[in-house]
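Just so you know, these numbers use all the heavy atoms, side chains as well, and skip hydrogens, waters and symmetry mates. Order of listing sets the numbers, starting from 1, for every ligand and every atom in it.
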Amino acid sequence: MEKDIEQILYSAEAIQERVVELGQTITADFKDKNPLLIGVLKGSFVFMADLVRALDMPCQLEFMGVSSYGNKSETTGAVKITRDLECDIEGRHVIVIEDILDSGLTLSYLMKYLQNRRPASIEICTLLDKPERRQVEVHPRYKGFAIPDAFVVGYGLDFAESYRNLPYIGVLKPSVYA
Ligand code: PRP
């Protein structure tokens, strides 16, 4: 896998340091709120696993599956739920956990979908943000790193379902996907 990586953007250590900071901030904000963290599969699974261990308070976890219709690079903006919640979120303090915020279409759809279920509050925590790519407005309260518009993999993020298990976040060589 390493031979396909052009550059390491964030080492495992750098990610861990930032995740711990995020965990401390979220703990301070939600200490007495027993938040429900909703991880968006599949990309968020590694971040979610590390983030929850950096939270020093009671909380619960859920996962949802979403996918965009059609080719990712030419997204139509239509999103479908492939795995729904298994619990009622009415009155709960919800934090949606994402690995990456790109066009914003996924989170924009998901936020409306979840708002309709009447949570007490709802916030977004994304590890990565690619602001240059935004097509619709989304406002994450918690953000790990803002990154340039490069094809990144690792720490949960994939190319064609591979590289999710890299412990760092790296830029994929264009020769791999071109
Ligand atoms: C990624 C990521 C977000 C979405 C962000 O998921 O996890 O859900 O894309 O892109 P957007 O802001 O342009 O909507 P992906 O569809 O690659 O699926 P995966 O999590 O299973 O890898």
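- Contacts with ligand 1 closer than 4.0 Å are made by heavy atoms of both the backbone and the side chain of T106.
- Ion pair D99/K42 not flagged as a salt bridge, since none of the NZ, NE, NH1 or NH2 atoms sits closer than 4.0 Å to an Asp/Glu carboxylate oxygen.
- The ligand atoms of ligand 1 that sit less than 4.0 angstrom from a heavy atom of D99 are 2 (C), 7 (O).
- With ligand atoms numbered from 1 in the order given, ligand 1 contributes 11 (P), 12 (O), 13 (O), 14 (O) to contacts under 4.0 Å with heavy atoms of S103.
- For ligand 1, the atoms lying closer than 4.0 Å to a non-hydrogen atom of L105 are 12 (O), 14 (O).
- Between D84 and R117 there is a salt bridge, since at least one side-chain N of the basic residue sits less than 4.0 Å from a carboxylate O of the acidic one.
- Here the two rings, on F151 and F159, have centers that are under 6.0 Å apart.
- Looking at L41 against ligand 1, only its backbone comes within 4.0 Å, counting heavy atoms.
- When ring centroids are compared, Y10 and F145 come within the 6.0 Å threshold.
- By the 4.0 Å N-to-carboxylate-O rule, R134 lies close enough to D129 to be salt-bridged with it.
- Checked by distance only, ligand 1 and E161 stay at 3.5 Å or farther apart across all their nitrogen or oxygen atoms.
- Salt-bridge formation is not detected for the pair K173/D4: no Lys NZ or Arg NE/NH1/NH2 atom is positioned less than 4.0 Å from an Asp or Glu carboxylate oxygen.
- At least one N or O atom of G104 sits closer than 3.5 Å to an N or O atom of ligand 1.
- With a 4.0 Å cut-off on non-hydrogen atoms, R133 does not touch ligand 1 at all.
- Ligand 1 lies less than 4.0 angstrom from a heavy atom belonging to R164.
- Taking only nitrogen or oxygen atoms, main chain and side chain alike, I100 does not reach within less than 3.5 Å of ligand 1.
- E6 and K3 are not joined by a salt bridge, as no carboxylate oxygen comes within less than 4.0 angstrom of a charged side-chain nitrogen.
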